[in-house]
Amino acid sequence: MVVHTWGFVPSKPDSPWIKVELRAESGAVLRVSGIPYAAALASLARIRSALQGMNVRWPGKSLTLHVHPALRTSEMTGLDVPVALAIMAIQGKFLPEKLSGLVSHGMLGLDGETSNPEPLSTHCSNRSLPPSLIVRAIGSRESFPNVTNLPVQECHHLSQIVAALNRPFIEHNLSQSEKAESEEVMHEWGKIKGEGKAKMWLCIGAKLRLHTILAGPPGMGKSSLVRAAHALLPHNGGNPAPFLAPHPSGGVAGLLGSWRRGQPVSGAWALANQGLLFLDEFPEWPRPARESLRHIIDTDSLYLHRAEGSASWTSRAWLVAAMNLCSCGHHPERCTCDPSERRRYRRKLSAPLIERFPIQLDVGGHDETECQK
Ligand SMILES: [Zn+2]
(Lines give C-alpha, C1' and ligand atoms only; values in the text may rest on other atoms or scores of the structure.)
Protein backbone atom coordinates (compact mmCIF):
# COMPACT_ATOMS: atom_id res chain seq x y z
CA MET A 1 0.00 0.00 0.00
CA VAL A 2 1.34 3.43 -0.95
CA VAL A 3 0.00 6.71 0.47
CA HIS A 4 0.80 10.09 -1.10
CA THR A 5 0.47 13.47 0.53
CA TRP A 6 2.13 16.89 0.57
CA GLY A 7 4.29 18.74 3.03
CA PHE A 8 5.38 22.33 3.07
CA VAL A 9 8.82 23.70 3.77
CA PRO A 10 8.78 27.48 4.09
CA SER A 11 12.58 27.66 4.00
CA LYS A 12 12.49 26.59 0.34
CA PRO A 13 10.94 29.69 -1.19
CA ASP A 14 11.01 28.42 -4.74
CA SER A 15 9.62 24.97 -4.19
CA PRO A 16 7.97 24.84 -0.78
CA TRP A 17 5.72 21.92 -1.72
CA ILE A 18 7.22 18.60 -0.75
CA LYS A 19 5.83 15.32 -1.96
CA VAL A 20 5.68 12.71 0.78
CA GLU A 21 5.17 9.04 -0.09
CA LEU A 22 4.93 6.17 2.32
CA ARG A 23 4.82 2.52 1.33
CA ALA A 24 3.92 -0.24 3.78
CA GLU A 25 4.64 -3.89 3.04
CA SER A 26 5.28 -7.00 5.03
CA GLY A 27 8.54 -7.05 6.94
CA ALA A 28 10.10 -4.89 9.62
CA VAL A 29 12.59 -2.63 7.87
CA LEU A 30 12.65 1.16 7.59
CA ARG A 31 13.91 2.60 4.30
CA VAL A 32 14.14 6.32 3.62
CA SER A 33 14.87 8.31 0.51
CA GLY A 34 15.31 12.05 0.12
CA ILE A 35 16.01 12.75 3.81
CA PRO A 36 18.81 11.86 6.25
CA TYR A 37 18.18 8.54 7.98
CA ALA A 38 18.79 9.91 11.49
CA ALA A 39 16.30 12.74 10.93
CA ALA A 40 13.70 10.25 9.72
CA LEU A 41 14.22 8.13 12.85
CA ALA A 42 13.82 11.19 15.08
CA SER A 43 10.64 12.22 13.28
CA LEU A 44 9.17 8.70 13.46
CA ALA A 45 9.95 8.55 17.19
CA ARG A 46 7.90 11.72 17.78
CA ILE A 47 5.11 10.42 15.56
CA ARG A 48 5.06 7.06 17.30
CA SER A 49 4.68 8.71 20.67
CA ALA A 50 1.95 11.05 19.42
CA LEU A 51 0.00 8.16 17.88
CA GLN A 52 0.31 6.12 21.06
CA GLY A 53 -1.45 8.92 22.92
CA MET A 54 -4.30 8.68 20.41
CA ASN A 55 -4.53 4.87 20.65
CA VAL A 56 -3.38 4.40 17.07
CA ARG A 57 -1.27 1.28 16.69
CA TRP A 58 2.03 1.49 14.87
CA PRO A 59 1.93 -0.51 11.62
CA GLY A 60 3.88 -3.73 12.14
CA LYS A 61 5.26 -3.46 8.64
CA SER A 62 8.24 -2.43 6.58
CA LEU A 63 7.97 1.27 5.81
CA THR A 64 9.58 3.10 2.90
CA LEU A 65 9.45 6.87 3.23
CA HIS A 66 10.26 8.93 0.14
CA VAL A 67 10.43 12.71 0.16
CA HIS A 68 10.87 14.85 -2.92
CA PRO A 69 12.64 17.25 -3.37
CA ALA A 70 15.32 16.07 -0.93
CA LEU A 71 15.52 17.86 2.42
CA ARG A 72 18.25 18.56 4.95
CA THR A 73 17.79 17.57 8.60
CA SER A 74 16.92 21.13 9.65
CA GLU A 75 14.18 21.35 7.00
CA MET A 76 12.40 18.18 7.80
CA THR A 77 10.80 18.75 11.21
CA GLY A 78 7.69 20.28 9.60
CA LEU A 79 7.05 16.95 7.89
CA ASP A 80 5.97 15.22 11.12
CA VAL A 81 2.31 15.96 10.40
CA PRO A 82 2.14 14.70 6.77
CA VAL A 83 4.09 11.55 7.68
CA ALA A 84 1.87 10.94 10.73
CA LEU A 85 -1.22 11.33 8.53
CA ALA A 86 0.20 8.86 6.01
CA ILE A 87 0.78 6.32 8.78
CA MET A 88 -2.77 6.82 10.06
CA ALA A 89 -4.13 6.26 6.54
CA ILE A 90 -2.15 3.02 6.37
CA GLN A 91 -3.75 2.04 9.67
CA GLY A 92 -7.20 2.68 8.16
CA LYS A 93 -8.08 5.82 10.16
CA PHE A 94 -9.24 7.47 6.94
CA LEU A 95 -9.17 6.89 3.20
CA PRO A 96 -5.71 7.43 1.64
CA GLU A 97 -7.36 9.49 -1.14
CA LYS A 98 -8.15 12.16 1.44
CA LEU A 99 -4.44 12.89 1.68
CA SER A 100 -3.55 13.07 -1.98
CA GLY A 101 -4.77 16.66 -2.31
CA LEU A 102 -3.76 17.82 1.13
CA VAL A 103 -0.83 19.96 2.22
CA SER A 104 -0.04 19.76 5.89
CA HIS A 105 2.76 21.11 8.02
CA GLY A 106 3.93 21.02 11.61
CA MET A 107 6.23 19.36 14.09
CA LEU A 108 4.66 16.99 16.59
CA GLY A 109 5.26 17.00 20.31
CA LEU A 110 5.30 13.64 22.07
CA ASP A 111 1.71 14.28 23.20
CA GLY A 112 0.49 14.98 19.63
CA GLU A 113 0.51 18.75 19.89
CA THR A 114 1.58 20.47 16.71
CA SER A 115 3.97 23.36 16.52
CA ASN A 116 5.67 25.38 13.92
CA PRO A 117 9.35 24.44 13.98
CA GLU A 118 11.06 26.74 11.57
CA PRO A 119 11.91 30.39 11.38
CA LEU A 120 9.64 31.46 8.59
CA SER A 121 10.76 32.87 5.35
CA THR A 122 8.71 35.83 4.30
CA HIS A 123 9.73 35.36 0.70
CA CYS A 124 7.88 32.16 0.31
CA SER A 125 5.81 32.20 -2.83
CA ASN A 126 2.94 30.07 -3.94
CA ARG A 127 3.79 30.08 -7.59
CA SER A 128 4.87 26.45 -7.69
CA LEU A 129 1.77 24.60 -6.64
CA PRO A 130 2.05 20.84 -6.60
CA PRO A 131 0.71 19.18 -9.68
CA SER A 132 -2.25 17.66 -7.91
CA LEU A 133 -5.46 19.20 -6.66
CA ILE A 134 -4.97 21.09 -3.46
CA VAL A 135 -7.94 20.76 -1.25
CA ARG A 136 -6.68 22.61 1.77
CA ALA A 137 -3.71 23.08 3.95
CA ILE A 138 -3.57 22.10 7.57
CA GLY A 139 -1.21 23.65 10.09
CA SER A 140 -1.03 26.99 11.84
CA ARG A 141 -1.79 30.08 9.80
CA GLU A 142 1.79 31.30 10.27
CA SER A 143 3.06 28.07 8.71
CA PHE A 144 1.90 29.20 5.32
CA PRO A 145 3.15 32.74 4.88
CA ASN A 146 2.08 34.44 1.67
CA VAL A 147 -0.01 31.49 0.65
CA THR A 148 -3.07 33.41 -0.25
CA ASN A 149 -4.81 31.19 -2.73
CA LEU A 150 -4.90 28.20 -0.46
CA PRO A 151 -7.42 27.87 2.36
CA VAL A 152 -5.47 27.20 5.53
CA GLN A 153 -7.02 25.42 8.40
CA GLU A 154 -5.47 25.83 11.81
CA CYS A 155 -5.05 22.84 14.05
CA HIS A 156 -3.08 22.59 17.27
CA HIS A 157 -3.25 18.86 17.89
CA LEU A 158 -3.01 15.80 15.67
CA SER A 159 -6.48 14.72 16.81
CA GLN A 160 -7.94 18.02 15.53
CA ILE A 161 -6.38 17.32 12.15
CA VAL A 162 -7.99 13.89 12.02
CA ALA A 163 -11.35 15.36 13.00
CA ALA A 164 -10.98 18.04 10.32
CA LEU A 165 -10.17 15.43 7.70
CA ASN A 166 -13.29 13.49 8.51
CA ARG A 167 -15.53 16.57 8.24
CA PRO A 168 -16.82 17.73 4.88
CA PHE A 169 -14.62 20.48 3.61
CA ILE A 170 -17.50 22.84 2.79
CA GLU A 171 -17.75 23.80 6.44
CA HIS A 172 -14.46 25.63 6.35
CA ASN A 173 -13.83 27.20 3.07
CA LEU A 174 -16.90 28.55 1.37
CA SER A 175 -18.52 31.93 1.49
CA GLN A 176 -21.92 32.20 3.17
CA SER A 177 -23.84 32.05 -0.11
CA GLU A 178 -21.81 29.15 -1.46
CA LYS A 179 -22.41 27.34 1.82
CA ALA A 180 -26.17 27.85 1.53
CA GLU A 181 -26.00 26.70 -2.07
CA SER A 182 -24.14 23.50 -1.32
CA GLU A 183 -26.39 22.77 1.65
CA GLU A 184 -29.38 23.09 -0.64
CA VAL A 185 -27.77 20.64 -3.07
CA MET A 186 -26.97 18.16 -0.31
CA HIS A 187 -30.50 18.50 1.05
CA GLU A 188 -32.18 17.84 -2.30
CA TRP A 189 -29.73 15.11 -3.19
CA GLY A 190 -30.01 13.45 0.22
CA LYS A 191 -33.79 13.16 -0.09
CA ILE A 192 -33.38 10.75 -3.01
CA LYS A 193 -32.55 7.25 -1.92
CA GLY A 194 -30.67 4.90 -4.20
CA GLU A 195 -30.30 5.67 -7.91
CA GLY A 196 -26.56 6.01 -7.36
CA LYS A 197 -25.67 5.67 -11.04
CA ALA A 198 -28.35 8.08 -12.22
CA LYS A 199 -27.19 10.62 -9.63
CA MET A 200 -23.59 10.23 -10.66
CA TRP A 201 -24.41 10.74 -14.34
CA LEU A 202 -26.63 13.72 -13.57
CA CYS A 203 -23.74 15.30 -11.64
CA ILE A 204 -21.54 14.84 -14.69
CA GLY A 205 -24.27 16.07 -17.02
CA ALA A 206 -24.84 19.21 -14.93
CA LYS A 207 -21.14 19.95 -14.75
CA LEU A 208 -20.49 19.53 -18.47
CA ARG A 209 -23.97 20.44 -19.78
CA LEU A 210 -24.43 17.08 -21.45
CA HIS A 211 -28.05 16.68 -22.54
CA THR A 212 -29.66 13.81 -20.72
CA ILE A 213 -32.64 11.54 -21.24
CA LEU A 214 -34.18 9.49 -18.42
CA ALA A 215 -36.40 6.50 -19.10
CA GLY A 216 -38.30 4.61 -16.45
CA PRO A 217 -41.74 3.70 -15.15
CA PRO A 218 -43.79 6.49 -13.59
CA GLY A 219 -43.52 7.16 -9.88
CA MET A 220 -39.84 6.21 -9.76
CA GLY A 221 -38.69 9.73 -8.99
CA LYS A 222 -37.57 10.94 -12.41
CA SER A 223 -38.91 14.43 -11.70
CA SER A 224 -37.34 14.66 -8.25
CA LEU A 225 -33.99 13.55 -9.66
CA VAL A 226 -34.22 16.33 -12.23
CA ARG A 227 -35.17 18.92 -9.61
CA ALA A 228 -32.23 17.86 -7.46
CA ALA A 229 -29.94 18.02 -10.49
CA HIS A 230 -31.09 21.60 -11.08
CA ALA A 231 -29.62 22.52 -7.69
CA LEU A 232 -26.22 21.41 -9.01
CA LEU A 233 -26.13 24.18 -11.61
CA PRO A 234 -24.04 27.18 -10.63
CA HIS A 235 -25.93 30.14 -9.24
CA ASN A 236 -25.70 33.31 -11.24
CA GLY A 237 -24.88 36.26 -8.95
CA GLY A 238 -26.89 34.80 -6.07
CA ASN A 239 -29.85 33.82 -8.26
CA PRO A 240 -30.53 30.15 -8.89
CA ALA A 241 -30.14 28.97 -12.48
CA PRO A 242 -33.47 29.02 -14.39
CA PHE A 243 -35.58 25.89 -14.25
CA LEU A 244 -38.28 25.46 -16.90
CA ALA A 245 -40.56 22.48 -17.19
CA PRO A 246 -43.07 23.29 -19.95
CA HIS A 247 -45.99 20.94 -20.55
CA PRO A 248 -46.17 19.05 -23.88
CA SER A 249 -49.54 20.69 -24.58
CA GLY A 250 -47.69 24.01 -24.94
CA GLY A 251 -46.38 22.56 -28.19
CA VAL A 252 -43.96 24.25 -30.54
CA ALA A 253 -44.87 27.78 -29.43
CA GLY A 254 -44.30 26.99 -25.76
CA LEU A 255 -40.97 25.33 -26.42
CA LEU A 256 -39.48 27.47 -29.16
CA GLY A 257 -41.29 30.77 -29.13
CA SER A 258 -44.04 32.56 -31.04
CA TRP A 259 -45.25 35.91 -32.28
CA ARG A 260 -47.94 37.81 -30.43
CA ARG A 261 -49.28 41.27 -31.40
CA GLY A 262 -46.32 41.78 -33.71
CA GLN A 263 -43.72 40.93 -31.04
CA PRO A 264 -41.59 37.79 -30.74
CA VAL A 265 -42.23 35.88 -27.49
CA SER A 266 -39.45 33.63 -26.15
CA GLY A 267 -40.20 29.99 -25.63
CA ALA A 268 -39.05 27.85 -22.71
CA TRP A 269 -35.79 26.93 -24.43
CA ALA A 270 -34.64 30.55 -24.69
CA LEU A 271 -35.80 31.34 -21.15
CA ALA A 272 -33.81 28.41 -19.76
CA ASN A 273 -30.50 29.97 -20.86
CA GLN A 274 -27.74 28.80 -18.43
CA GLY A 275 -30.35 26.75 -16.63
CA LEU A 276 -32.23 23.50 -16.95
CA LEU A 277 -34.98 22.79 -19.47
CA PHE A 278 -36.93 19.74 -18.33
CA LEU A 279 -39.07 18.05 -20.99
CA ASP A 280 -41.19 15.48 -19.21
CA GLU A 281 -43.28 12.99 -21.22
CA PHE A 282 -40.84 13.61 -24.05
CA PRO A 283 -42.50 11.35 -26.66
CA GLU A 284 -45.79 13.20 -26.07
CA TRP A 285 -44.33 16.46 -27.43
CA PRO A 286 -45.43 17.24 -30.99
CA ARG A 287 -42.98 15.82 -33.50
CA PRO A 288 -42.03 19.25 -35.00
CA ALA A 289 -41.08 20.52 -31.53
CA ARG A 290 -39.00 17.43 -30.80
CA GLU A 291 -37.27 17.30 -34.14
CA SER A 292 -36.45 21.02 -34.15
CA LEU A 293 -34.38 20.38 -31.04
CA ARG A 294 -31.81 18.61 -33.22
CA HIS A 295 -30.68 21.82 -34.86
CA ILE A 296 -30.96 23.77 -31.62
CA ILE A 297 -28.79 21.27 -29.75
CA ASP A 298 -26.14 21.47 -32.46
CA THR A 299 -25.96 25.25 -32.64
CA ASP A 300 -27.30 26.62 -29.32
CA SER A 301 -29.34 29.02 -31.45
CA LEU A 302 -32.87 29.16 -32.80
CA TYR A 303 -34.37 30.98 -35.79
CA LEU A 304 -38.11 31.37 -35.88
CA HIS A 305 -39.66 32.29 -39.20
CA ARG A 306 -43.37 33.07 -39.11
CA ALA A 307 -45.73 35.05 -41.31
CA GLU A 308 -45.39 37.95 -38.82
CA GLY A 309 -41.62 38.07 -39.14
CA SER A 310 -38.40 36.38 -38.07
CA ALA A 311 -36.73 36.20 -34.67
CA SER A 312 -33.65 34.50 -33.32
CA TRP A 313 -32.48 33.50 -29.85
CA THR A 314 -29.37 31.90 -28.42
CA SER A 315 -29.42 29.89 -25.24
CA ARG A 316 -27.15 27.47 -23.43
CA ALA A 317 -29.79 25.45 -21.67
CA TRP A 318 -29.12 22.00 -20.24
CA LEU A 319 -31.78 19.71 -21.71
CA VAL A 320 -33.09 16.91 -19.57
CA ALA A 321 -35.87 14.83 -21.09
CA ALA A 322 -37.83 12.09 -19.38
CA MET A 323 -40.01 9.34 -20.78
CA ASN A 324 -41.99 6.34 -19.61
CA LEU A 325 -41.19 2.89 -20.95
CA CYS A 326 -44.45 2.55 -22.86
CA SER A 327 -47.59 4.45 -23.77
CA CYS A 328 -49.84 3.03 -21.03
CA GLY A 329 -47.46 4.51 -18.48
CA HIS A 330 -47.85 1.63 -16.05
CA HIS A 331 -45.09 -0.13 -14.21
CA PRO A 332 -43.71 -3.00 -16.38
CA GLU A 333 -45.41 -5.55 -14.11
CA ARG A 334 -48.85 -4.03 -14.78
CA CYS A 335 -48.21 -2.89 -18.36
CA THR A 336 -51.01 -3.73 -20.77
CA CYS A 337 -49.16 -2.79 -23.97
CA ASP A 338 -48.25 -5.47 -26.47
CA PRO A 339 -44.68 -5.56 -27.80
CA SER A 340 -45.58 -3.73 -31.03
CA GLU A 341 -47.16 -0.88 -29.04
CA ARG A 342 -44.06 -0.63 -26.91
CA ARG A 343 -41.86 -0.52 -30.02
CA ARG A 344 -44.05 2.14 -31.59
CA TYR A 345 -43.79 4.26 -28.44
CA ARG A 346 -40.01 4.07 -28.38
CA ARG A 347 -39.83 4.74 -32.12
CA LYS A 348 -41.53 8.12 -31.64
CA LEU A 349 -38.06 9.43 -30.87
CA SER A 350 -35.94 9.31 -34.01
CA ALA A 351 -32.41 7.96 -33.87
CA PRO A 352 -30.83 11.31 -34.90
CA LEU A 353 -32.66 12.97 -31.98
CA ILE A 354 -31.78 10.29 -29.41
CA GLU A 355 -28.11 10.39 -30.33
CA ARG A 356 -27.98 14.07 -29.40
CA PHE A 357 -28.47 13.07 -25.76
CA PRO A 358 -25.04 11.81 -24.70
CA ILE A 359 -26.38 10.61 -21.33
CA GLN A 360 -29.20 8.06 -21.48
CA LEU A 361 -30.29 6.63 -18.15
CA ASP A 362 -32.70 3.97 -17.01
CA VAL A 363 -34.28 5.01 -13.73
CA GLY A 364 -36.16 2.84 -11.26
CA GLY A 365 -34.04 -0.29 -11.33
CA HIS A 366 -32.76 -1.58 -8.05
CA ASP A 367 -29.53 0.36 -7.92
CA GLU A 368 -29.00 1.12 -4.25
CA THR A 369 -25.41 2.33 -4.49
CA GLU A 370 -24.98 5.86 -3.26
CA CYS A 371 -23.30 8.67 -5.12
CA GLN A 372 -20.90 10.80 -3.11
CA LYS A 373 -21.35 14.19 -4.57
ZN1 LIG B 1 -47.48 -0.26 -21.18
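Indexing begins at 1, ligand by ligand and atom by atom, following the structure's order. FYI, the numbering just counts along the sequence from 1.
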Any luck finding a side-chain donor-acceptor pair between Ser104 and Trp6 under 3.5 Å?
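Short answer, no.
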Do Asp300 and Thr314 meet the criterion of a side-chain donor-acceptor pair at a distance under 3.5 Å?
no
What is the total of protein N/O/S atoms that are closer to the Zn ion (ligand 1) than 2.8 Å?
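N, O or S atoms of the protein closer than 2.8 Å: 4.
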Is the backbone N or O of Arg72 less than 3.5 Å from a side-chain atom of Glu75, with the two atoms forming a donor-acceptor pair by type?
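Side chain of Glu75 to backbone of Arg72: a pair is present.
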Which residues pass the side chain to side chain contact (heavy atoms under 4.5 Å, CB included) test with Arg23, not counting sequence neighbours?
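Arg23: side chain to side chain contact (heavy atoms under 4.5 Å, CB included) contacts with Val2, Glu25, Thr64.
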Might you point out which heavy atoms bring Pro82 and Gly7 nearest each other, and give the distance in Å?
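Looking at all heavy atoms of both residues, the closest pair is CG-CA, 4.0 Å.
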Ion pair check, Glu341 and Arg344, cut-off under 4.0 Å
no
